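Inspection log for the structure reproduced underneath, given as structure tokens.
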Amino acid sequence: MKAKPIYKIVDDKGRVLIPKALRTAAEMEHGDIVRLGIQKGVITAKKVDLIEIGDQSPEAVEAFVRAAIRDMPEETLISIAAKLLDMIEKRKGPIRLD
């Protein structure tokens with residue numbers, strides 16, 4: 001049976017909500033990494049477990065970090081947070097969180 005098409009409107013920031021039924025079918029959950037691509041005018045969104053080797057774009061690194069911390073033990077997260085706070089305290093000048 002062929003699924004009915006779903007139509008969405010792109011918002012002013014270029015975002016499109018993926019409906020829950022499609023996210024469920026693709027086994028996408030909050031915090032998952034999604035690889036976007038385009039071929040012959042068709043945009044694809046695919047859930048991935050790993051980022052392609054060599055992709056060190058800020059978006060790829062952030063996605064990797066968020067996916068990695070999702071499954072980390074609490075003790076590890078606290079240790080990382082403590083190190084980051086120590087780095088912030090030692091840093092000279094104003095702190096910018098962009």
Side-chain angles (χ1 to χ4, degrees):
M1 183 169 85
K2 187 176 179 182
K4 289 184 179 182
I6 298 172
Y7 297 93
K8 291 291 183 177
I9 297 173
V10 177
D11 73 9
D12 60 340
K13 294 184 179 181
R15 298 176 296 196
V16 175
L17 174 74
I18 301 172
K20 183 173 175 111
L22 293 178
R23 292 192 318 265
T24 300
E27 299 179 354
M28 289 181 185
E29 297 178 4
H30 175 78
D32 284 344
I33 302 169
V34 177
R35 181 176 54 85
L36 301 175
I38 188 163
Q39 185 176 17
K40 295 183 181 178
V42 176
I43 297 173
T44 59
K46 180 180 179 183
K47 176 184 167 183
V48 295
D49 293 321
L50 296 173
I51 296 168
E52 294 175 12
I53 295 174
D55 188 349
Q56 295 181 1
S57 66
E59 296 84 4
V61 172
E62 180 182 352
F64 177 77
V65 170
R66 287 182 182 274
I69 65 172
R70 190 173 60 198
D71 297 322
M72 278 186 189
E74 186 175 295
E75 298 81 23
T76 304
L77 290 171
I78 291 170
S79 173
I80 291 169
K83 288 178 185 178
L84 289 171
L85 287 172
D86 185 50
M87 287 173 57
I88 290 170
E89 288 176 10
K90 290 178 181 177
R91 184 178 182 176
K92 294 180 181 177
I95 298 171
R96 292 183 51 202
L97 300 175
D98 299 343

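Owing to the predicted nature of the structure, the values given are computational and were not obtained by experimental measurement.
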Tell me the salt bridge (Lys or Arg N to Asp or Glu O under 4.0 Å) pairs involving residues 18-28, sequence neighbours left out?
-> none
Report yes if some heavy atom in the side chain of D86 is under 4.5 Å from a heavy atom in the side chain of K83; otherwise report no.
-> no
Check salt bridge (Lys or Arg N to Asp or Glu O under 4.0 Å) between K47 and all other residues, then give those that pass, not counting sequence neighbours.
-> D32
Taking only residues two or more places apart in sequence or in another chain, which ones pass salt bridge (Lys or Arg N to Asp or Glu O under 4.0 Å) with D12?
-> none
Any link between L17 and I33 through a network of hydrophobic side chains (Ile, Leu, Val, Met, Phe, Trp, Tyr) touching at under 4.5 Å?
-> no
Is it true that I78 and I80 fall in one hydrophobic cluster, defined by side-chain heavy atoms closer than 4.5 Å?
-> no
Sorted by chain and number, sequence neighbours left out, side-chain contact (heavy atoms from CB on, under 4.5 Å) with A45 holds for V34, L36
side-chain contact (heavy atoms from CB on, under 4.5 Å) against I43, all qualifying residues, sequence neighbours excluded | I38
In short, side-chain hydrogen bond (donor to acceptor under 3.5 Å, both in side chains) pairs touching residues 72-82 with sequence neighbours left out are none
For the atom pair CD1 (I18) and NZ (K8), what is the distance rounded to the nearest 0.5 Å?
-> 10.5 Å
